[in-house]
Amino acid sequence: MKYKVTNAIFTAAIAFGGVTAAHAQEAFGLAPVFTDHAVLQRDKPVAVWGQGPANEAVNLTLSEGNRVVTSISGKADASGHFSLSLPQQAAGGPYALTVSDTHGHTQTLNDILVGDVWLCSGQSNMEFPLKAANNGAGEVAGASDPLLRIFDVPRNSQAAPVTGFAKGTQWKVSSPASVPNTSAVCYFMARELADKTHVPQGVIHASWGGTAAELWVSREGLSAFDEMREVLSVQDLYRTDPQAAMSDWEAHSKAWWREHDPDYNQVGLWSGKGFDDAVWPTLVASGVWESSGVPALRAFDGVVWYRQTVTLTADQVAHAVSLDLGPVDDSDTTWVNGVLVGTTDGWTLPRHYTLPKGTLKAGQNVIAVRVLDSGGGGGLYGAPSNRALLLESGARITLSAEWHYHIGADIKAMGTPPTAPWSEAAAPAVLYNGMIAPVAPYSLRGIAWYQGESNAGNPALYAKLLPALVKDWREHFEAPDLPFLVVQLSAFGTPQDVPAASGWGEIRDIQRQLEQNDPHVGMAVSYDVGDRFDIHPTQKRQVGLRLALAARKVAYGEALKLGPRPERVSRRGNDLVVDFQDVNGALRAYGGKDVLGFEVCAATCHFASAHIEGNTVVLPGEAIANARSVRFGWADVPYLNLYDGADLPASPFAMDIN
């Protein structure tokens, strides 16, 4: 059985990316990331690369009017690739950047500024467009700023690193016409930094909603991960023998589901006609299952089965060719009458599956879909009218909006299953290959990263992936101490009135520990500007301002405090005491004297009363003998009131008692 839709997407992506790279090989000039209106990094040598005649001399000149600011020469290698290091320059411009060779080829880029350059990346909350943020229309209308420049990297999922982009793109001067669809968080950060530093700011934005961290790490950066070894091996095989790779992966995937899914032995029954699904309840699949009105699905991440029966005439069966399901969040495996017709990873991708001859029968036919959601919204969430059987004539047999459903394994218990190594925007390294490799090693001031929602199902892996990504990108951008700014996950989901496990809580603490362990990392806390009903909160300006504050500390060296961070938890008589650092002024509890959100964990965790004493929080009477750790804000949706004098919220955390 072949994964037809996914394979087709992947093959097309390779072909498109390959054409882009090939054009770069044939053409003379600078790499596609260098265009008119670009911003080059100030106060450090700048990597400039491109393509020229093989083994021939290349000259690069930076000029201001008729004045040559600097000029350097180098030589292309045997493949025609050249890479030069432009001497460091102070902030300024506009300049012209000209590259030429001995054969008379010349390319000149105009309106080049020298300032600070930021790479902004992550998943949907970094991708979230300015026009959709709070007061988006007003922000767009006031976006004219000749010293702020934006480069949006097109989405591109690739099996191997490419040198070009999926489509033409260029640096743009900030204006009402250029900013509506760029990253709101990135825009607000850069605008604030421009106001504070009074130097040009350039942002390179490369994000893709719903994507996990491992997609953004290079293959080299993932090579030491035991968890990735098999998928990377199959990915390598796919490049030379796709059929063998698909066969290997099908066996691997089945083995994983057999081991982890308690309902695996029911697949043969639930996917076919021999099961009476009248014993299952029904729901109308008109959006994510969290909004279906089913209480058990309100905050569920994991597996849900959908089934419905379609009655067809013999003539319809004879002319039916495919099945459309619309988009599915995150991945699906789909059967018709027990025949596997397709599987796709990727929450934004419409499902379109070719039906092998003989699959459908006159009379009743069963469509069964096993959906896995790893976090956020889940299920058959597109418009019901888009789900249909398609006939050769183009006619459509629309499916019912109502499906029988069964709630399967929770992802917290099951773990995150592997995705096919050729899946668009769902396989390790593919977004590094298609969206970061064409940019590296562009000289940067720093990186801003907003991601983690899609890894909440496996925090243990994320604890290794996040520092690996930081290390990997610093290596590829040739800057071992490159500042890295992280947005701690916001709030989304169902509030808790009893202590419980929280994948989002664990991700937040991993992000906090990254900052704690690396002096070149700064974190923006964001849970207080979240929206428990919307995984994409619209208060992006505040997030951007907090990122700018972190940038000023770790990239510009200002003596700033980013808000309360836990330093230690210790016993003091019968009490537990949490010491905080990075506090502006003193701690304060909004709404009263009691501090919300503290838990003490022994064999189990319980909420604890807490109050402020200076820059400490005291948990009275909680120094019980078997207490081992303290948690704060440990929930997908934490309701917290601990801030400092600069109105910065305290970071959630889990910490052992000293």
Side-chain angles (χ1 to χ4, degrees), residues 118-130 132-133 150-157 181-190 203-218 221 330 346-348 374-376 425-426 428-437 439-440 444 446-456 459 461-462 465-474 476-477 482-492 504 507-508 510-512 514-515 521-527 529-530 535-540 542-544 546-548 550-551:
W118 299 89
L119 171 62
C120 298
S121 187
Q123 56 182 109
S124 55
N125 275 305
M126 181 61 86
E127 191 177 39
F128 191 91
L130 179 62
I150 299 160
F151 187 93
D152 288 308
V153 177
R155 285 183 170 189
N156 195 12
S157 179
N181 294 305
T182 199
S183 165
V185 166
C186 193
Y187 171 82
F188 286 126
M189 179 192 75
V203 294
I204 300 172
H205 168 232
S207 297
W208 193 320
T211 57
E214 58 266 32
L215 280 61
W216 295 97
V217 185
S218 73
D330 292 309
W347 70 280
T348 62
S374 60
V430 294
L431 299 188
Y432 171 84
N433 294 337
M435 299 176 69
I436 303 302
V439 174
L444 304 173
I447 293 168
W449 176 255
Y450 194 166
Q451 189 276 337
E453 299 93 334
S454 289
N455 289 94
L461 178 59
Y462 195 72
L465 277 170
L466 184 58
L469 184 144
V470 174
K471 180 176 182 291
D472 186 56
W473 284 19
R474 284 172 172 168
H476 286 284
F477 284 93
L482 188 65
F484 202 96
L485 315 177
V486 178
V487 180
Q488 194 180 51
L489 288 191
S490 193
F492 171 72
W504 284 47
I507 295 294
R508 291 190 194 103
I510 290 164
Q511 294 165 331
R512 178 192 68 81
L514 180 75
E515 179 191 51
V521 171
M523 184 178 71
V525 178
S526 75
Y527 64 80
V529 289
I535 198 171
H536 303 123
T538 59
Q539 296 188 64
K540 299 304 187 193
Q542 192 62 43
V543 179
R546 290 177 183 173
L547 276 177

Task: Which residues share a ring-ring contact (aromatic ring centres under 6.0 Å, His included) with Tyr432, sequence neighbours left out - done: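 If we apply the ring-ring contact (aromatic ring centres under 6.0 Å, His included) test to Tyr432, skipping adjacent residues, the hits are His476.
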TODO: Return the set of residues passing ring-ring contact (aromatic ring centres under 6.0 Å, His included) with Trp208 (not counting sequence neighbours), or none when no residue passes.
DONE: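 Listed in chain order: nothing, the list is empty.
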Taking the side chain as every heavy atom from C-beta outward, state whether [X] and [Y] have any pair of such atoms under 4.5 Å apart.
{"X": "Val439", "Y": "Val153", "result": "yes"}
{"X": "Val487", "Y": "Asn125", "result": "no"}
{"X": "Leu489", "Y": "Gln511", "result": "yes"}

If you look at every heavy atom in [X] and [Y], which pair is closest and at what distance?
{"X": "Trp118", "Y": "Ala551", "result": "CH2-CB, 3.6 Å"}
{"X": "Ala190", "Y": "Val203", "result": "CB-CG1, 3.4 Å"}
{"X": "Gln451", "Y": "Thr211", "result": "NE2-O, 3.1 Å"}
{"X": "Asn181", "Y": "Pro129", "result": "CA-CB, 3.9 Å"}
{"X": "Ile436", "Y": "Ala206", "result": "CD1-CB, 4.1 Å"}
{"X": "Ala440", "Y": "Phe477", "result": "CA-CE2, 3.6 Å"}

Task: side chain to side chain donor-acceptor pair (under 3.5 Å) involving Ser526 - partner list, sequence neighbours excluded - done: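 Side chain to side chain donor-acceptor pair (under 3.5 Å) check on Ser526 returns nothing, list empty.
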Open item on the list: For Lys540 and Leu130: C-alpha separation, side-chain torsions, deciding distance, then whether side chain to side chain contact (heavy atoms under 4.5 Å, CB included) applies.
Closed with: CA-CA 8 Å; Lys540 299 304 187 193; Leu130 179 62; over 6 Å; no
So does [Y] get a backbone contact from the side chain of [X], meaning a donor-acceptor N/O pair under 3.5 Å?
{"X": "Gln123", "Y": "Glu453", "value": "yes"}
{"X": "Asp472", "Y": "Val217", "value": "no"}
{"X": "Asn455", "Y": "Tyr462", "value": "no"}
{"X": "Ser454", "Y": "Ala212", "value": "no"}

Nearest-0.5 Å distance that lies between atom [atom1] in [X] and atom [atom2] in [Y]:
{"X": "Asn156", "Y": "Leu431", "atom1": "CG", "atom2": "CG", "value": "8.5 Å"}
{"X": "Phe151", "Y": "Cys120", "atom1": "CZ", "atom2": "SG", "value": "13.5 Å"}
{"X": "Ile447", "Y": "Arg474", "atom1": "CD1", "atom2": "CZ", "value": "8.0 Å"}
{"X": "Met126", "Y": "Ser121", "atom1": "CE", "atom2": "OG", "value": "7.5 Å"}
{"X": "Met523", "Y": "Phe484", "atom1": "CE", "atom2": "CZ", "value": "13.5 Å"}
{"X": "Leu485", "Y": "Met189", "atom1": "CG", "atom2": "CE", "value": "6.5 Å"}

Open item on the list: I'd like to know whether Leu547 forms a side chain to side chain contact (heavy atoms under 4.5 Å, CB included) with Tyr450, so could you lay out the CA-CA distance, the side-chain angles of the two residues, the decisive distance to 0.1 Å, and finally the verdict.
Closed with: CA-CA 10 Å; Leu547 276 177; Tyr450 194 166; over 6 Å; no
Open item on the list: Tell me whether the rings of Trp216 and Trp473 are parallel (<30°), tilted (30 to 60°) or perpendicular (>60°).
Closed with: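 The arrangement is perpendicular - the two ring planes meet at more than 60°.
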Open item on the list: Among Arg155, His205, His536, which residue satisfies the side chain to side chain donor-acceptor pair (under 3.5 Å) criterion with Glu127?
Closed with: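 Result for side chain to side chain donor-acceptor pair (under 3.5 Å) with Glu127: Arg155.
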